[in-house]
Amino acid sequence: MLTKAAPPLCLLAAALLLLLLPSSDGAQAEETCSGAAAAPPRRGAWMSVASFGGRGDGQTLNTAAFARAVARIERRRGARGGSLLYVPPGVWLTGPFNLTSHMTLFLARGAVIRATQDTSSWPLIDPLPSYGRGRELPGGRYMSLIHGNGLQDVFITGENGTIDGQGSVWWDMWKRRTLPFTRPHLLELMYSTGVIVSNVVFQDSPFWNIHPVYCSNVVITNVTVLAPHDSPNTDGIDLDSSNNVCIEDSYISAGDDLISIKSGWDEYGIAFGRPSSGITIRRITGSGSFAGFAIGSETSGGVENVLVEHLNFFNMGVGIHIKTNSGRGGFIRNITVSEVTLNGARYGLRIAGDVGGHPDTSYNPNVLPIVDSVTIKNVWGQNIRQAGLIRGIKNSVFSHICLSNVKLYGRASIGPWKCQAVSGGALDVQPSACAELASTSETGFCTT
């Protein structure tokens, strides 16, 4: 694995771009985007965290060892091929640490990077500019366990080693309402490009697990994300104001949305103005208490040009959930979700314009989102309690909503579709689609 050369960053970007553009006959040009991820680059240097004073005994705090190792890699940034930081088998207790460019973080089989539960040792960092404050509380936020800002050519991979957030101490503070600041993620990369995350297990994150924000040219493949279904807000993968992203061939079981696409919060996201776009998600399996696939509710920078296919979810709150709110602004458009299997969910589908809170009182409730051109097709579900709800906004009707070959069944009976402030078309939908879709004149677009 380690003897194969990496493609240059420009070629990786070009390959991803080709993946996300339709071919001349309307089909996807590629069936996978993980080719580059299957062969981590042969770096110019190889080093072990143990060589920097680290001890994988589950008791020694290795924050300084990781920092020294990354500092050595950073001093070699001009060296050909970059460097690989090897994490041997063992339990490597650590506080948060930063990555650097032209680096591979490689977790051996049996390696565990385990977060310290001493919350006082977690540094605070500034809030994201597209959020204006911490997502949970005003002010700053705790730095993620593994963090990076302004990076290029970063691989986080290995032999299915584990990154363990030991999140229970943070979940307890959230439940007791004693959190002083917003909880940390397991992995957050900001303003970075040429990122691949593969063959790693993410476990028990304090907050969201994987959070690429303001990133481009990102591949996440063959990862496993695990957290108890009652752990608060432990989203699996949250893409945020990022473009040219592919997620595939992964298993997620978490306490919130399995995968969600976001782009900033109310007036701060509108001002920052960076959409999430050019996103492919395929072959995801998982279970959780909220949505399998979600967009929002923080979508103030816009979300567009998204293809999601081959999803297999069980024991979910909602199969597919597209959510926004008055005051969000932004747009959600050109979204296609297809080939979905659901086994057990409260709702098969929700598209709603009244979901999510606001960062402060400065938002403008008259700034309304646009939801347009959303296609949901080839969906089959059993043990579904309520087929779905599509609820637009009175002065911003959700338009060109297409349901095609959507078959949802309950154990005995299933609650009907509920719709308002929506237009579009419905073809071959069970139970019968709501009148707002079935009786409109827009069915033609749903067939093309």
With distance as the sole criterion, is a donor-acceptor pair present between the side chains of Asp266 and His358 under 3.5 Å? yes
Between Tyr142 and Phe181, what is the ring plane arrangement, given parallel below 30°, perpendicular above 60°, and tilted in between? perpendicular
Between Val87 and the options Ile113, Val112, Ile163, the side chain to side chain contact (heavy atoms under 4.5 Å, CB included) test singles out Ile113
I need the minimum non-hydrogen distance between Gly150 and Ser101, along with the two atoms involved. O-OG, 4.2 Å
Given side-chain hydrogen bond (donor to acceptor under 3.5 Å, both in side chains), test Arg114 with Thr94 step by step and report yes or no. CA-CA 6 Å; Arg114 177 167 291 167; Thr94 182; over 6 Å; no
Test: Asp354 and Arg391 ion pair at under 4.0 Å: yes
How far apart are the C-alpha atoms of Ser241 and Ser276, what are their side-chain angles, what is the distance that settles it, and do they pass the side-chain hydrogen bond (donor to acceptor under 3.5 Å, both in side chains) test? CA-CA 4 Å; Ser241 292; Ser276 285; 5.1 Å; no
Check this for me: Arg80, atom CZ, are more than 12 non-hydrogen atoms of other residues, nucleotides or ligands nearer than 6.0 Å? no
Sorted by chain and residue number, the side chain to side chain contact (heavy atoms under 4.5 Å, CB included) partners of Thr182 (sequence neighbours excluded) come out as Arg135, Glu136, Leu137, Arg141, Phe207
Sidechain N-carboxylate O distance under 4.0 Å for Asp153, Arg43: yes
Residue pair Tyr131, Asp240: steps toward the side-chain hydrogen bond (donor to acceptor under 3.5 Å, both in side chains) verdict: CA-CA 11 Å; Tyr131 283 73; Asp240 208 335; 2.7 Å; yes
Are Arg274 and Phe272 in a cation-pi setup, meaning NZ or CZ lies under 6.0 angstrom from the ring centre and within 45 degrees of the ring axis? no
Let's go through Ser338 and Asn378 carefully: what are the C-alpha distance in whole Å and the side-chain angles of both, what is the deciding distance for side-chain hydrogen bond (donor to acceptor under 3.5 Å, both in side chains) to 0.1 Å, and is it a yes or a no? CA-CA 5 Å; Ser338 69; Asn378 302 334; 5.4 Å; no
